[in-house]
Amino acid sequence: MKILVVGSGGREHALVWKLRQSPRVTKIFCAPGNAGISALATCVKISATAIDALADFAKAEGIDLTVVGPEVPLALGIADHFEEKGLRVFGPRRNAATLEGSKVFMKDLLEKYHIPSAFYATFTDREEALRYIEKQAAPLVVKTDGLAAGKGVVVARTIAEAKAAVDLFMKEKAFGEAGSRVVVEEFLRGEEASFLAFTDGETVLPLPTSQDHKAIFDGDKGPNTGGMGAYSPAPVVTEPLHRQVMETVMLPTVKGLAAEGCPYKGVLYAGLMIDNGVVKVLEFNCRFGDPEAQPLLMRLKTDLVEVMEAVIDGRLADIALEIDPRPTVCVVMAAGGYPGKYENGKPIEGLAKAGQHQDVVVFHAGTAVKGDAVVTNGGRVLGVTAIGDTLQEAIGKAYKAAEEISWDGCYYRRDIGRKALARKGE
Ligand code: AMP
Ligand code: GLY
């Protein structure tokens, strides 16, 4: 079986790594891929958003299954386009991917189907948004309707900050059209968790729980990033909370989407806020999380090709996931300056040594090959991922391997997983 993976991040490296383990897979291509992926797959120089070129490539190469990593091609309708061309693709169609592509669509759907989330109001008029904000109490959260590479959310501590966010999105148009509509919503307190599930539009098959670390600095300080580390499972999601998430969030969302004529097939990712035993939805993503995919796929024992085919064919009810009971953790190593300005092209040392550590996989994100060297090529550069008998052990292994690796300006958080350890009393 020939597979094409679309994307170039740590998530896509983990997908390629996992798909390679399937006895049915003979060849994997990745467009555009990165240095780490090129050791496992043939990288093709096609951008993840060049949908026509990707479909032409898949046709010409006789690709049996295309797996889409990032949200942008999904929001652009890559799944619809591939289906029209008779190509098999894993990922939701454009109308279902709108769940991530439009916060207004998402919030309206949640409201209609009584799925718990923050109170909100939506605006297309800047003056109206500003007048509304003046009547609210801070903190407030202001979000662009459309995709903004994770930068379209401002958690405003004051009314002035919330108004400045509206101006950034609607007046300065920092994210173009994405900010022509904004959502202003209630600030939710609590602890976040990521809840990912496979769904074929009917059956919802949850992956283990996980938790991301969004802020750049230890102790969840500083600006938000794409994610600085993740672990699985997330002890904040207890058994009763897991049931609550399935019954009040995942199943009604999948049913609601189907009822709206947007049946969802793929991985559905709910970003949750948990406070005092109550779950609310912060966001939905229409894909695997990055970095959550790295620790999750390390725990998945079931053949990923089997699961993906069952999703596409609507047979997910026949599938059970086999999960390694041992916890996993991913420590993201980033370029100095990220999530602000940073430099590319720094040679990375110690990759071979780190790769020899037992129970550790170094997933690449922003890396490229330059001559004989592997160099940095993005904000998030590597995701050092480890499995252990306890979370403490997994954390120890990941950091030990990370210490082998260095480049000019290399930065990573030192407290990945600490919250879970505190909760478990480890
Ligand atoms: P989103 O992309 O909507 O998940 O927002 C990114 C991050 O902003 C989330 O992971 C939270 O850390 C934070 N956030 C978003 N919405 C809220 C909210 N209503 N209350 C508190 N924090 C939020
Ligand atoms: N780790 C957050 C995301 O993938 O959106």
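Both ligands and their constituent atoms are indexed starting at 1 by order of listing.
For atom 3 (O) of ligand 1, the closest non-hydrogen atom on the protein side is Lys143 NZ, 2.9 Å. The protein heavy-atom contact nearest to atom 13 (C) of ligand 1 is Val155 CG2, 4.0 Å. Nearest non-hydrogen protein atom to atom 7 (C) of ligand 1 is Asn224 ND2, 3.6 Å.
Environment of CD in Gln244: crowded, with over 12 heavy atoms of neighbouring residues, nucleotides or ligands closer than 6.0 Å. Heavy atoms from other residues, nucleotides or ligands lying under 6.0 Å from CD of Glu134 number more than 12. Within a 6.0 Å radius of CZ in Arg299, more than 12 heavy atoms belonging to other residues, nucleotides or ligands are found. Enclosure of atom OH in Tyr113 by more than 12 non-hydrogen atoms of other residues, nucleotides or ligands within 6.0 angstrom is indicated.
Under 3.5 Å, the side chains of Asn344 and Thr376 contain no donor-acceptor pair of N or O atoms. A donor-acceptor pair shorter than 3.5 Å can be found between the side chains of Asp303 and Ser22. Side-chain atoms of His213 and Asp415 include no donor-acceptor pair closer than 3.5 Å. For the residue pair Lys107 and Ser117, a side-chain donor N or O sits within less than 3.5 Å of a side-chain acceptor on the partner. Inspection of the Ser194 and Glu292 side chains reveals an N or O donor paired with an N or O acceptor under 3.5 Å.
For ligand 2, the polar-atom distance check against Arg11 finds no nitrogen or oxygen pair separated by under 3.5 Å. The N/O atoms of Asp290, backbone and side chain alike, include one that comes under 3.5 Å of an N/O atom in ligand 2. At a 3.5 angstrom cut-off on N or O pairs, Leu188 counts as close to ligand 1.
The distance from ligand 2 to the heavy atoms of Gly289 drops below 4.0 Å at these ligand atoms: 4 (O). Within ligand 2, the atoms closer than 4.0 Å to a non-hydrogen atom of Pro291 are 1 (N), numbered from 1 in the order shown. Atoms of ligand 1 found under 4.0 Å from any heavy atom of Phe187, numbered from 1 in the order shown, are 20 (N), 21 (C). The distance from ligand 2 to the heavy atoms of Arg287 drops below 4.0 Å at these ligand atoms: 3 (C), 4 (O), 5 (O). Distances below 4.0 Å separate heavy atoms of Asn285 from the following atoms of ligand 2: 5 (O). Every atom of ligand 2 is numbered from 1 in the order shown, and the set under 4.0 Å from a heavy atom of Asp212 is 1 (N), 2 (C). Those atoms of ligand 1 that come under 4.0 Å of a heavy atom in Lys214, given as number and element, are 10 (O). Under a 4.0 Å criterion applied to the non-hydrogen atoms of Gly226, ligand 2 contributes the atoms 1 (N), 2 (C).
For the pair Arg414 and Tyr412, the cation-pi test (distance below 6.0 Å, angle within 45°) is passed.
Scanning Val153, Leu282, Val154 for the heavy atom closest to atom 17 (C) of ligand 1 points to Leu282. Closest to atom 19 (N) of ligand 1 by heavy atom, among Met273, Arg189, Glu185, is Glu185. Heavy-atom proximity to atom 2 (O) of ligand 1, evaluated over Glu192, Glu100, Glu283, is greatest for Glu283.
Of the heavy atoms in Asp212, none comes closer than 4.0 Å to ligand 1.
Taking the six-membered ring where tryptophan is involved, the planes of His364 and His13 are perpendicular, since the angle between them exceeds 60° and thus also 30°. Tyr411 and Phe217 have perpendicular rings, their planes meeting at more than 60° on a 0 to 90° scale where under 30° would count as parallel.
Using a 4.0 angstrom heavy-atom cutoff, Lys103 counts as in contact with ligand 1.
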